[in-house]
Amino acid sequence: MNNISDTVSVILCGVGGQGILLGSEITSVAAIEAGFDTKTNEVHGMAQRGGSVLGQIRYGKKVNSPLIASGEAAALASFEAAEAIRYAQFLRPGGLAVVSTQKIVPVTVSTGASKYPDDIEALLRKVFPRLCIIDAAGLAVKSGNIKAANTVILGALSTGLELPVDAWKRAIEKSVKPKFVELNICAFEEGRKAALAAQ
Amino acid sequence: MKELLTGNEAIARGAYEAGVKVAAGYPGTPSTEILENASKYKDSMYVEWAPNEKVGFEVAAGAAIGGARAITTMKHVGLNVAADPLMTLSYTGIEGGFVACVADDPGMHSSQNEQDTRRYAIFAKIPVIEPSDSQEAKDYLKAALDISEEFKIPTILRSTTRVSHSRSIVELSDDIKAPKTADFKKDPPRFVPVPAWARGMRLRLEEKLAKMSDAASASPLNRIEWGCRKLGIIAPGIAYQYVKDAFPEASVLKLGWSFPFPDKLIREFAAGVEKLLVVEELEPIIEEHLKFLGIACDGKNFVPAIGELSPDVLKQIKAAYEGRVYSAPKPVAEAAELPARPPVLCPGCPHRGIFAALKNFDIILTGDIGCYSLGVMPPLSKMDTILCMGGGVSMAHGMQKAGNTKKMVGMVGDSTFFHSGITGLLDIAYNKGTSTIIVVDNRITAMTGHQDNPGTGKTLMGEETGVVSIQELGKACGIKRVRTVNPYKMKETYDVLKEEIEADEPSLIVSVAPCPLHVAKRVGSPKKILQDKCKKCGACIKVGCPAIEKAGNTITVNEFLCSGCSICEQTCKFGAIVENI
């Protein structure tokens, strides 16, 4: 019999163009490296043009649905500050939320049609009891290149999941170009360190 | 070897492993990546982007009637375009395996409707195969080819967004079948449906349907997973995966070959359980058939027929079915007043120039399907109707002939012009219309992720080819006023629009500028706003560029996002926007 309870679900979110797809790939490859059956789902097409983007990853002994139920995700990582809130209902009680400090202000805010929350940090703290706000861009620069910001977030995310660090590193090796492996592993470790210190 | 593949990658791999000789289609989310990935195997498989789904379908039909294995790919609405050949290919049948890979979009993530392709399979009287994950996407494509050849009938592999775009682990086969080349055997009574022969084909088709129903009952694509006999659930396609999570205890009849309905298997399953529930996405197709067979079941009285299924929806179904009340955790986004983040035209998009110029005219704009559909969103708010590909051209003409008082302008993209805009333009010229048609030619099929088309000079096989001229095509259709504009030059664009909109005869404006995302470079130097010159009038904001940001009362240009197209610069009356040197 399939058992839903042994399947672990992870949410990645942000804005189209932020690299959710690569983040999702690394996370799912890490799960496969750890020996799990894995399914993922990401948004394609129209929704990508600067829109809000959701990536879903599920792993376990045998995974059925590629989609996640509300209140089920063990961890959520958001590449953009406010987007974490859009998908907060997926996180289970006690689940870890990793949120980048990066803000991307949509056109609807510039035109006055909607509003970006004034104090996003306060809002995040209200919504997520177990929260790790992370300066992903800053830590990526510290690792050598701002482009590794996504891997910083994955490093922080890894503290909320029980996948071995080695599996993550192998996943990075398999998913990024050889010349960026060292940079990304360094960024991953920075993110992991920052998240462990914050919890 | 095992790999993590999307459903679409797996379908392409299946085509390769099964020795498909020809793969043709037209891009459309969520189907596009099937053919893109099939092109990886171009050493053994011929792949092409056809100008539209009808052509792609016919290319594959020709290959299959010739005796080679062939697939065609499209999204659900693409099958409407290909419906004409579909309805008769079922009569003639094929020789080599033929699979139309059609991807439905329940929930309309990237589509204008959510029609259920299974209805087409029943309408055309051909088998429909429904995978539920990537491994099945690959295996079932191969099975569909085998079924096609066994019964000499075209088949449909029906995917959905969550099958096409989910990744799961796929076992790759080393057993690669060499593609068979076409070797057409002349047989007019078989392949020429003139009425006398078509009547015979009609009878043979019904005989095939009866045989296929038995084959479907015996097929490993359909299987019973006995669990608790109190409840039996019938679940085709992706619904199976949701059902396994939500009802782990129930008996399940998994349908992978859902039409012709496997009546024997359905009756066996129904007889083995106390209560029966059909969980299917969109239309109540299996449910209707059960009722036709006289088998009592629940279905759409619990399972929504609108929108896609999901684990949350399944929880609601289960609770309702068991007479419980279930309320899913509510999104906190609304309460938090999160900013809306709809898709928008990218920074530097040439379509923005045309829309910004069109804002000066009191016209009706009948639009089309593509990135420029986003011109309907505020602050551009310039598109008035969208129906289907090519529809904006003909609809402008119809509204003009109906005496609409405002000037009619139709808009179409380069790829959609080739798809089905040409015939509309021909109609305007032939029937003496006065509409202005704008082709927003960004030199690529952009919305679906940059596919080549007859205007780009490249094929899906990666070869150089001729470039068709939209202007010359317009002239050949009989349009005398044919103009070309650079949409980044706003004054010039405005002047041409004014002349053509005011003209009392039909005209074609081709707005040419390559998609900056595709050519992967900025249009120009990034801009900045001189705060001492900025009067806060907001004119630049009204061009709807994501690179222009307003915080409090201060408007700035995000230098990382800015593509340097200068449309905001040309819009500013106060010279406050300049190059950021």
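All chains are named by letter (A, B, ...) in the order of the sequence lines, taking the proteins before the strands, and each is independently numbered beginning at 1.
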Engineer: To the nearest 0.5 angstrom, please state how far the CZ atom of A:R58 sits from the OG atom of B:S168.
Structural biologist: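 Output value for this atom pair is 12.5 Å.
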Engineer: Please flag which part of A:F36 lies under 4.5 Å from any non-hydrogen atom of chain B: side chain, backbone, both or neither.
Structural biologist: backbone
Engineer: Using non-hydrogen atoms and a 4.5 Å limit, figure out which bit of A:A82 sits close to chain B: side chain, backbone, both or neither.
Structural biologist: both
Engineer: Taking the basic N atoms (NZ, or NE/NH1/NH2) and the acidic carboxylate oxygens, is any pair closer than 4.0 Å for B:R167 and A:E25?
Structural biologist: no
Engineer: Does B:D312 reach the main-chain N or O of A:S70 with its side chain, forming a donor-acceptor pair under 3.5 Å?
Structural biologist: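 Yes, B:D312 side chain to A:S70 backbone: donor-acceptor pair under 3.5 Å.
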Engineer: Surrounding CD of A:E182 (heavy atoms of other residues, nucleotides or ligands, distance under 6.0 Å), is the total greater than 12?
Structural biologist: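 Atom CD in A:E182 is not packed in, count stays at 12 or less.
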Engineer: Between A:K126, A:K115, A:K39, which shows the greatest number of heavy-atom pairs under 4.5 Å with chain B?
Structural biologist: A:K39
Engineer: Could you tell me which portion of B:I548 (side chain, backbone, both or neither) has an atom closer than 4.5 angstrom to a non-hydrogen atom of chain A?
Structural biologist: backbone
Engineer: How close do A:L67 and B:P311 get, heavy atom to heavy atom, and via which atoms?
Structural biologist: O-CG, 3.2 Å
Engineer: Quick one: CD on A:E83 to CG on B:L338, what's the gap to the nearest 0.5 Å?
Structural biologist: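 Interatomic distance, A:E83 CD to B:L338 CG, rounded to 0.5 Å: 6.0 Å.
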Engineer: Which atom names give the shortest non-hydrogen contact between A:S114 and B:A340, and what distance separates them?
Structural biologist: OG-N, 3.4 Å
Engineer: In terms of heavy-atom proximity below 4.5 Å to chain A, should B:L5 be classed as side chain, backbone, both, or neither?
Structural biologist: neither
Engineer: I need the B:S166 OG to A:E42 CD distance, nearest 0.5 Å.
Structural biologist: 8.0 Å
Engineer: Check whether more than 12 heavy atoms from other residues, nucleotides or ligands sit under 6.0 Å from atom CD of B:E171, and answer yes or no.
Structural biologist: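 Count over threshold, so yes.
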Engineer: Measure B:N558 against the heavy atoms of chain A and call it side chain, backbone, both or neither at under 4.5 Å.
Structural biologist: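 Neither part.
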Engineer: Measure the CG-OG distance between A:N41 and B:S310 for me, rounded to the nearest 0.5 Å.
Structural biologist: 11.5 Å
Engineer: As an exercise, state the distance from CG of A:N64 to CD1 of B:I238, rounded to the nearest 0.5 Å.
Structural biologist: 10.0 Å
Engineer: Would you mind reporting whether A:V107 and B:P379 have side-chain heavy atoms less than 4.5 Å apart?
Structural biologist: yes
Engineer: Mark yes when over 12 heavy atoms from residues, nucleotides or ligands other than B:K359 sit less than 6.0 Å from its NZ; otherwise mark no.
Structural biologist: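 Yes - once you tally the heavy atoms of other residues, nucleotides and ligands closer than 6.0 Å, there are more than 12.
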Engineer: When you compare the side chain of B:Y242 with that of A:P66, does any pair of heavy atoms fall below 4.5 Å?
Structural biologist: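 A side-chain contact exists here, since the closest heavy-atom pair is under 4.5 Å.
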Engineer: Name the region of A:I104, side chain, backbone, both or neither, that has any atom closer than 4.5 Å to a heavy atom of chain B.
Structural biologist: both
Engineer: Quick one: pull up CZ in B:R341 and OH in A:Y116 and give me the separation to the nearest 0.5 Å.
Structural biologist: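 B:R341 atom CZ to A:Y116 atom OH measures 6.0 Å (nearest 0.5 Å).
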Engineer: Does any heavy atom of chain A fall under 4.5 Å from the side chain of B:P546, the backbone, both, or neither of them?
Structural biologist: both
Engineer: Please check if the number of heavy atoms outside B:K318 that lie under 6.0 Å from its NZ is greater than 12.
Structural biologist: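 Counting other residues, nucleotides and ligands, NZ of B:K318 exceeds 12 neighbours.
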Engineer: On a heavy-atom basis, which atom in B:P339 and which in A:R86 lie closest, and how many Å separate them?
Structural biologist: O-NH2, 2.8 Å
Engineer: Answer yes or no: is there an ion pair linking B:K2 with A:D37, defined by an N-O contact shorter than 4.0 Å?
Structural biologist: no
Engineer: Please tell me if the side chains of B:L4 and A:S28 come closer than 4.5 Å, counting only heavy atoms from C-beta onward.
Structural biologist: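 Counting from C-beta outward, B:L4 and A:S28 do come under 4.5 Å.
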